[in-house]
There are 2 protein chains.
Amino acid sequence: MNIGQASNATGVSAKMIRYYESIGLIRAPLRTESNYRVYSSDEVHTLRFVKRARTLGFSVEETATLLGLWQDKERASAEVKSIATGHIAALETKIAELQSMVKTLKHLANCCGGDDRPNCPILDDLAGETIKTKGH
Amino acid sequence: MNIGQASNATGVSAKMIRYYESIGLIRAPLRTESNYRVYSSDEVHTLRFVKRARTLGFSVEETATLLGLWQDKERASAEVKSIATGHIAALETKIAELQSMVKTLKHLANCCGGDDRPNCPILDDLAGETIKTKGH
DNA sequence: CTTGACCTTCCCATGATGGGAACCCTTATA
DNA sequence: TATAAGGGTTCCCATCATGGGAAGGTCAAG
């Protein structure tokens, strides 16, 4: 299997496969005589693991740790779980931040006429003026 | 007011103030004889506008547009509102993605013993094995 | 007059990804 | 069998917003 086929089989772009190899996330595969990378099904499996971890929002660094644990048959599941729960916490923090932005923006958008006139509470807020809540 | 004071007054780092100037988001301020940037209260006001927009998650590009509208006394508030609602939609998409990650991870973490044993559904999932939901 | 706290510019790094050039290899088809 | 299409290879550059740090000029307080 060459890199294009491995890419199709895993959803990881050839570009990223080479990148993961260059930073040491995955091992360098064997090469053909003409210098093409050749991937075994084991290596494809590893790529799928990486893809899934990235899809779940783990950083490349966290993914490297998880890969290490995956390959360590002696690992304690507690270690994996703690990485996962830490990641969940980070995601939830991020979600809360975004939700707070949305909340503020919705309030502002709700107070804005959205018409031809220049009067605009959204800009007033950005400019630091306190907003007068529309009666509700 | 020099750049450090402007930074303190707005919460935008001196580094970022220079950057915003370099990309044309804000105008280059006057300089002293010794080449120090000098900020007027108007310019500080603009910096605060930028800071607020960035805090609300607008990109620098969107912020530039909003700044332009702010300074255009003839703008239609509808234009501002449409940028805001577009941004809200983008944030909500992002939130939904993160929530979906959290949901999956919570499920996996919930199924994981988190003990000394190597058995770990989180890794099994990353490796592509279907997970057996713990009875609930 | 020295010291320390500013300021200036310039370059480099981040994280994860894509774009593209220049060049080599393989495979199918005319 | 010659050629073209569609791989592969390396290498460099760009993104977005931000920070770090070096080398050097300036200002204010002691």
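What you see is a predicted model, and the numbers here were worked out from it, not measured in a lab.
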Trainee: Measure CD1/B:I3 against P/D:dT26 and give the value in whole Å, please.
Mentor: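 Distance, rounded to whole Å: 17 Å.
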Trainee: Please confirm whether the backbone N or O of A:Y36 pairs with a side-chain atom of A:R31, one donor and one acceptor, at under 3.5 Å?
Mentor: no
Trainee: Among the nucleotides C:dT8, D:dA17, C:dG18, which one has an atom lying closest to any side-chain atom of A:M16?
Mentor: C:dG18
Trainee: For A:S100 and A:E97, does a side-chain donor sit closer than 3.5 Å to a side-chain acceptor?
Mentor: no
Trainee: Can you tell me if B:R48 uses its side chain to pair, donor with acceptor, with the backbone of B:A9 under 3.5 Å?
Mentor: yes
Trainee: Reading DNA chain C from 5' onward, which residue's closest nucleotide shows up sooner: B:Y39 or A:R54?
Mentor: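 The residue whose closest nucleotide sits nearer the 5' end is B:Y39.
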Trainee: Starting at atom CD of A:E62, determine the distance to atom C1' of C:dA16, rounded to an integer number of angstrom.
Mentor: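 One finds 14 Å between C1' of C:dA16 and CD of A:E62, rounded.
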Trainee: To the nearest Å, give me how far apart CD1 (A:I17) and P (D:dG7) are.
Mentor: 14 Å
Trainee: Any side-chain N or O of B:S59 below 4.0 angstrom from OP1/OP2 of D:dC16?
Mentor: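 For D:dC16, neither OP1 nor OP2 has a side-chain N or O of B:S59 closer than 4.0 Å.
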Trainee: Find out whether A:T32 and A:N2 are in side-chain contact, i.e. whether some heavy atom of one side chain is under 4.5 Å from a heavy atom of the other.
Mentor: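 No; the side chains remain at least 4.5 Å from each other.
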Trainee: Please work out which of the three classes, parallel, tilted or perpendicular, describes the rings of B:W70 and B:H45, given edges at 30° and 60°.
Mentor: perpendicular
Trainee: Tell me the interatomic distance from A:Q5, atom CD, to D:dG8, atom P, rounded to whole angstroms.
Mentor: 8 Å
Trainee: Which nucleotide in the set C:dC7, C:dT17, D:dT18 lies at the smallest distance from any side-chain heavy atom of B:Y20?
Mentor: D:dT18
Trainee: Quick check on contacts: within residues 22-38 of chain B, what sits under 4.0 Å from DNA chain D by heavy-atom distance?
Mentor: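 Residues of residues 22-38 of chain B under 4.0 Å from DNA chain D: B:S34, B:Y36.
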Trainee: Ignoring hydrogens and angles, tell me if any N or O in the side chain of A:H87 forms a donor-acceptor pair with the backbone of A:S82 under 3.5 Å.
Mentor: no
Trainee: If each of A:E61 and B:A14 is mapped to the nucleotide of DNA chain C with the nearest heavy atom, which maps nearer the 5' terminus, i.e. the 5' end?
Mentor: B:A14
Trainee: Could you state the atom-to-atom distance from OH of A:Y19 to P of D:dA14 in whole Å?
Mentor: 18 Å
Trainee: Using whole Å, report how far CE of B:M1 lies from C1' of C:dC7.
Mentor: 16 Å
Trainee: Rounded to whole Å, please give me the gap between CZ in B:F58 and C1' in D:dA17.
Mentor: 17 Å
Trainee: Please determine which of A:V44, A:V12, A:I17 meets the side chain to side chain contact (heavy atoms under 4.5 Å, CB included) test together with A:S7.
Mentor: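 The passing option is A:I17.
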Trainee: Could you tell me the separation between the CG atom of B:N2 and the C1' atom of D:dT26, rounded to a whole number of Å?
Mentor: 11 Å
